[in-house]
Amino acid sequence: MKHSSIRWGRLLRRALALFMATVALWALLMAAGAGVSTGAFGALGEDPAFVTGLLRSELGTGPQEDGPLAALSGWGQLVVRQSALLLGGQDAVAARLSGEPPTPSGPAGDGLSGADYEDSEDPQQLPAVTAAPDDIVAQTLVPTSTDGYDYADGVYISNHSSQTIDAAALASASVNITLPEEGPQVLIVHTHGCEAYTPDGTDLYEETDTSRTLDNDYNMVRVGEEMKRVFEEMGLTVLHDETLYDYPSYNEAYTRSRSAVAAWLEQYPSIKIVLDVHRDALVADDGTVYKAVTTIDGQPTAQVMLVMGTDDRGDFPNWRENLALAFQIQKSMNTLYPTLARPITVRSSHYNQFLSTGSLLVEVGCHGNTLQEALNGARLFARAAGQVLLGLEE
């Protein structure tokens, strides 16, 4: 209800602004005298500079001296600046409207600035309406063929980047990480911490957006806490950052979490493993909602997918070291809990993984899964990953 009121308020303000611009134009012509012809009126109305100036006086422009929209026409800047969605992705919008491909802005310098390309790519931004629990289609997403995958030693890799992946080399590659005996070893963080699951049974929550909530008992923070519990039971030392970096704004969540992870790593150099824990979203073109689920030890369990970044956008030379760790954890999942893991997905974005060679993006289930299915998946993932991490201790 609150979001609807805000949207109607914006529409009303913009309609009023356009009306006032029209009144201003009429008043200007009246002041010029009754002799102004209809043709002159029409000519002014068709003059982009004149009309843009009037609209700016009513709508405002915001800062524009040296931003990515500076190259756009006055009309282009006005259109983009009146939309929060377009303004949040103004680099891509400016490039698209100017006819130039966007210039990737990856980790430059300290890597803590630049466009939030990851947010624009993530599939978790859901439509306003999703399916009722009984309409969600359950599937176990396990390949039946190696076609379309890089494959070795039971591990499937779905490569959506421009990089070449040698799965056989990854299978034999060593993980060049040593976990110290003292200090925190693992950091769990949530770039999109508000992500939540399909309400079910007693797992009910107040939504802040579609399948999102600020209640940490039901969002990704709860899933991360389950991982932390299992890791600590296994003897690993874990820090859990419970900050919701995707609230109040989803845009630039990766930029905010990037700064936080960099600060954690500076404060605790002992941290060698960084897990950014999310959930996926699977919605077909016809609106059908799917959930990735399997049955392990008689329990419905959300499948887990590792999403890995590459050097496609530059300044991420060690991305294969992260992938080597992902490969070993995927192999551990396959060995201990067949069908738990979906194929590793490799993409062009970096997902902040350039900050540490022990970085993984872990997607536990989908928004169609229930929280209990997700907790089951998180628990088993942590046991499988923990087996690999314990082998990295000094």
Side-chain angles (χ1 to χ4, degrees), residues 1-3 122-126 128-134 136 138 184 186-234 236-250 253-254 256-257 260-261 264 274-282 289 291-294 296-297 299-305 340 360-386:
M1 191 69 178
K2 178 180 177 182
H3 295 298
D122 274 354
Q124 292 91 337
Q125 301 186 70
L126 300 172
V129 178
T130 190
D134 290 343
I136 295 172
V186 179
L187 171 65
I188 298 175
V189 66
H190 308 281
T191 296
H192 298 150
C194 292
E195 292 172 339
Y197 299 90
T198 294
D200 178 72
T202 59
D203 294 325
L204 307 177
Y205 57 85
E206 181 180 352
E207 284 190 326
T208 54
D209 204 340
T210 305
S211 296
R212 295 178 182 276
T213 183
L214 297 179
D215 191 333
N216 287 354
D217 287 335
Y218 301 99
N219 60 23
M220 300 316 300
V221 173
R222 175 68 182 88
V223 175
E225 193 62 21
E226 186 68 9
M227 289 184 183
K228 177 176 183 285
R229 183 185 67 79
V230 174
F231 282 142
E232 290 180 336
E233 286 180 354
M234 298 178 74
L236 295 164
T237 307
V238 184
L239 284 176
H240 187 194
D241 184 345
E242 300 183 5
T243 307
L244 302 179
Y245 293 106
D246 56 339
Y247 187 85
S249 172
Y250 187 93
Y254 275 96
R256 292 187 287 274
S257 66
V261 171
W264 282 115
V274 179
L275 304 179
D276 191 354
V277 180
H278 300 240
R279 61 110 174 98
D280 199 3
L282 297 177
V289 175
K291 66 177 179 179
V293 65
T294 186
I296 299 177
D297 295 332
Q299 299 298 315
T301 302
Q303 289 185 283
V304 176
M305 179 171 67
L340 173 63
L360 306 175
L361 192 156
V362 185
E363 293 197 340
V364 182
C366 313
H367 77 297
N369 287 99
T370 66
L371 175 63
Q372 294 307 312
E373 291 169 348
L375 293 176
N376 289 339
R379 190 178 306 118
L380 299 187
F381 164 78
R383 290 175 185 167

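In this structure the side chain of Trp264 reaches within 4.5 angstrom of the side chain of Leu239, judged on heavy atoms.
Not counting sequence neighbours, Glu207 has no partner by the salt bridge (Lys or Arg N to Asp or Glu O under 4.0 Å) test. Contacts of His190 classified as ring-ring contact (aromatic ring centres under 6.0 Å, His included), with partners at least two apart in sequence or in another chain: His240. With sequence neighbours left out, Asp276 forms a side-chain hydrogen bond (donor to acceptor under 3.5 Å, both in side chains) with Thr191, His278. With sequence neighbours excluded, no residue forms a side-chain hydrogen bond (donor to acceptor under 3.5 Å, both in side chains) with Glu242. Applying the side-chain hydrogen bond (donor to acceptor under 3.5 Å, both in side chains) criterion to Arg379, with sequence neighbours excluded, gives Glu226, Asn376. Residues satisfying the side-chain hydrogen bond (donor to acceptor under 3.5 Å, both in side chains) criterion with Thr243, sequence neighbours excluded, are Asp241.
Between the side chain of Asp246 and the main chain of Ala253, no donor-acceptor pair closer than 3.5 Å is present. Looking at Asp297, its side chain never comes within 3.5 Å of a backbone N or O of Gln299 through a donor-acceptor pair.
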Show your working on side-chain contact (heavy atoms from CB on, under 4.5 Å) between Asn369 and Arg279 and close with a plain yes or no.
-> CA-CA 9 Å; Asn369 287 99; Arg279 61 110 174 98; over 6 Å; no
Going through the checks in order, is the side-chain contact (heavy atoms from CB on, under 4.5 Å) test met by Val293 and Thr370?
-> CA-CA 10 Å; Val293 65; Thr370 66; over 6 Å; no
Could you please spell out the steps behind the salt bridge (charged side-chain N to carboxylate O under 4.0 Å, His left out) verdict for Glu225 and Arg229?
-> CA-CA 6 Å; Glu225 193 62 21; Arg229 183 185 67 79; over 6 Å; no
Any chance you could lay out the side-chain contact (heavy atoms from CB on, under 4.5 Å) test for Tyr205 and Arg212, step after step, and finish with the verdict?
-> CA-CA 9 Å; Tyr205 57 85; Arg212 295 178 182 276; over 6 Å; no
Output, in order, the C-alpha distance, side-chain angles, deciding distance and verdict of side-chain contact (heavy atoms from CB on, under 4.5 Å) for Ile136 and Thr198.
-> CA-CA 9 Å; Ile136 295 172; Thr198 294; 3.4 Å; yes
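Among all heavy-atom pairs drawn from Cys366 and Ala292, the shortest one is SG-N, 3.7 Å.
Between the CG atom in Leu244 and the CD atom in Glu195 there is a gap of 11.0 Å [rounded to 0.5 Å]. Between Asp280 atom CG and Lys291 atom NZ the span is 14.5 Å, to the nearest 0.5 Å. Of the inter-residue distances, the one linking Gln303 atom CD with Leu380 atom CG reads 12.0 Å to the nearest 0.5 angstrom. Taking CG of Asn216 as the reference point, atom CZ of Arg222 lies at 11.0 Å (rounded to 0.5 Å). Here the OG1 atom belonging to Thr237 is positioned 13.0 Å from the CG atom belonging to Leu187, to the nearest 0.5 angstrom. Summarising the geometry, atom CG belonging to Leu361 is positioned 8.5 Å from atom CE belonging to Met305; distances are rounded to the nearest 0.5 Å.
A donor and an acceptor atom, one from each side chain of Asp200 and Gln372, are nowhere located under 3.5 Å apart.
Relative orientation of the Phe231 and Phe381 rings is perpendicular, given thresholds of 30° and 60° on the angle between their planes.
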